[in-house]
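For the numbers below, each heavy atom of this structure counts, side chains included, while hydrogens, waters and symmetry mates do not. Since we're looking at a predicted model, the values are computed, not measured.
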Amino acid sequence: MNRHNQQNSLTPKALIYRIVITVTALFIVCLYMPRDERSTYQFDVGKPWRYSQLIATYDFPIYKSAETIQTEQDSILQHYEPYFAIDETVGKEQIEKFKATINGQKPATIPANYLAYVENKLEHIYAQGVMDTENFDQMHSDEVASIRIFAQNVAKEQPMTQVFSHKTAYEYLIDLGEDSLHYDRRVLRKCNLSDYIVPNLTYDKTKSEESRKDLLSSLSYSSGMVMSGQKIIDRGDIVDKETYDILTSLEKEYTRRNTSKMQTHTVLLGQMLYVALIIACLTLYFNLFRRDYLANTRHILFIASMPVIYPLITSFLIKHNLFNVYIIPFAMAPIFIRVFMDSRTAFVTHVATVLISAISLKYPYEFIATQLVAGMVAIYSLRELSQRSQLIRSAFYVTLASIAFYMSMELIHEKDFARLEYGMYIYIIINGILLLFAYPLLFLFEKVFGFTSNVTLVELSNTNNELLKRLSEVAPGTFQHSMQVANLATEVANKIGAKALLVRTGALYHDIGKMNSPAYFTENQNNFNPHDRISYEQSAAIVISHVKDGLKLADKYNLPQVIKDFISTHHGKGKTKYFLISYKNQNPDQPIDESLFTYPGPNPFTLEQAILMMADSVEAASRSLNEYTEESISGLVDKIVDSQVQEGFFKDCPITFHDITVAKDVFKEKLKTIYHTRISYPELKKK
């Protein structure tokens, strides 16, 4: 009685498929990992220097920080003056156009003095310069104080307050000011002055960029020098702002001196080797302890997704300098794997995921230790997920443990509560809140990978759902039989360490196919047996068809595959012995096709399916006992279970002889309780 043989053997095609998955995961993870040069030193302002004395081995400048450089650039660029070329012919053309339009009106609608007034204002506008709206808005957005206007290689400074746009030029034309006593604005508006305002300034990108570079060339990117042999910092010294700038400058100088294309490829090679070794160790674990997972494509894809998704998220946050990586709920991965698989697999996969993600970080050791503690607490606190309250409790424990562990590491180095990084604890609390999203995500993983969680099993085992309620109405005897089988199977599962909720749910649905013809099954009959009117072959076909009919109903009601497996295996490849033996007795000399009396199978291939097969047969047979005594029940259970073992029904499932012995003991005790058996009294022997 070993595991399913097909699960232990991989075809060449399946092996290639798994290799492709592994290589693809390796490629995706390494492709998006940061490959910038990283110092072997780790330091922060206000933290002690953990390494030995550091002395400069070469001269290097003390580079200013990016914030300081940006501030100085902004200060210098306040004097930046973009260059604009002026086209002096534009103003003359528009003034002539205006004069021709006004003079061509017969009779004249505009007094002559208005013509001279507008002409003077247009000359002033074009002399100052008219800029198109886009450039005008950009200059104000950049807070440019003045520009350079050039014509014929002569440039003059022009304040932006004296430069016109189309809008400000029109407002200037109709703004009479002190001349309001001599002119009427309504007359000016009749002149359509907007038609004579055209930009005469053109942005010169080349000259402007040269001017900008000349200004920035005066900016110094360093604030001093460190000479070779100079002491930088000693062990235990606190890293202040000045020392931090020197250490950062040392990193930059090291990168400048050593960065090359070859070294980038070397970093990539190191990352690929690192990730490949971790994935190899993970694969080795499955090959040694859980070969059944390796043989299942769903399990392979699901497990491989964790060491891919989390490192990608980590690399994304690091590259784009977004949130702190401690807000990523790494403990969600072992929760998912624990719910769908087992605790040991959850922990091993979690370790691999954390180790791969850590190489993108500046402080990997604290991160690895904290996440491993969080993962272990998550696995221990959430052995089975069937209620939302369990996940809330687990998230609380994970958050509490992470805070306590991170604080312990800080106290080891800082030795003072006042110097703790309290902002980190905010990130850890956010991490705990995000863990609560594991509940809705479980549904997504179930649909994508075809798993069945305990939450789904709890919902399916509710006898008020549509399919079970219909079973209780159409075939009440079968429903009661299923309930009794569920109770027996659950008790056995609890005793031998099988999945009790799974086997209970499977037991409730294993006979739903009997709803199509309930009267042909003894538990639903009432003083009438329709089998008396048909042949044994027809009777066997009807009884056997309840497996096929059950699978059709399971498809109709979208039951999970794991429940369908209980329907197809609860009789295995057994035979309808009553009809087969009756046929042989009636036709002793005729050849018989035993396939007509054989269930389609397959035989059970999981521990839970084997439990259900035993419980189903024992419960059904117990109804036919003439008397319910300890001896009769014990004999019945031994006879049925031993015959199933002898016929090889359990060869393909991981059940042991010890499990079978425990199961028989449970069946005997439960049946005695159900039927209220009494001990049989001995008879007095005659002398």
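For the ring pair (Phe, Tyr, Trp, His ring centres under 6.0 Å) test, no residue two or more places apart in sequence or in another chain qualifies with His166. Every residue was checked against the salt bridge (charged side-chain N to carboxylate O under 4.0 Å, His left out) condition with Lys447, not counting sequence neighbours, and none meets it.
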Passes side chain to side chain donor-acceptor pair (under 3.5 Å), Asp240 versus Thr243? Steps please. CA-CA 5 Å; Asp240 56 19; Thr243 308; 2.6 Å; yes

Salt bridge (charged side-chain N to carboxylate O under 4.0 Å, His left out) for Lys213 and Glu210? Distances and angles first, verdict last. CA-CA 5 Å; Lys213 289 179 181 178; Glu210 289 177 355; over 6 Å; no

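Here the CZ-CD1 distance, from Phe302 to Ile337, works out to 5.5 Å after rounding to the nearest 0.5 Å.
Side-chain N or O atoms of Asp87 include none that pairs as donor or acceptor with a backbone N or O of Asn200 at under 3.5 Å. Under the 3.5 Å distance criterion, the side-chain polar atoms of Ser408 are matched with a main-chain donor or acceptor of Phe405. Checking side-chain atoms of Tyr310 against main-chain N and O of Pro329 turns up a donor-acceptor pair under 3.5 Å. Side-chain atoms of Tyr274 come within 3.5 Å of backbone atoms of Leu355 as a donor-acceptor pair (strictly under, hydrogens ignored).
Both tests do not hold together for Lys156 against Phe150: distance to the six-membered ring centre under 6.0 Å, angle to the ring axis within 45°.
Using modelled atom types, one finds no donor on one side chain facing an acceptor on the other under 3.5 Å when comparing Thr71 with Thr68. For the residue pair Thr168 and Ser165, a side-chain donor N or O sits within less than 3.5 Å of a side-chain acceptor on the partner.
Tyr427 and Tyr326 have their aromatic ring centers separated by at least 6.0 angstrom.
Within the structure, no pair that satisfies the salt bridge (Lys or Arg N to Asp or Glu O under 4.0 Å) test touches residues 131-146, not counting sequence neighbours. Listed by first and then second residue, the ring-ring contact (aromatic ring centres under 6.0 Å, His included) pairs that reach into residues 118-148 are His124-Tyr172, Phe136-His140, sequence neighbours excluded. Residue pairs satisfying the side chain to side chain donor-acceptor pair (under 3.5 Å) criterion with at least one member in residues 214-223, sequence neighbours excluded, are absent. Among residues at least two apart or in separate chains, salt bridge (Lys or Arg N to Asp or Glu O under 4.0 Å) pairs with a member in residues 65-77 are Lys64-Glu72.
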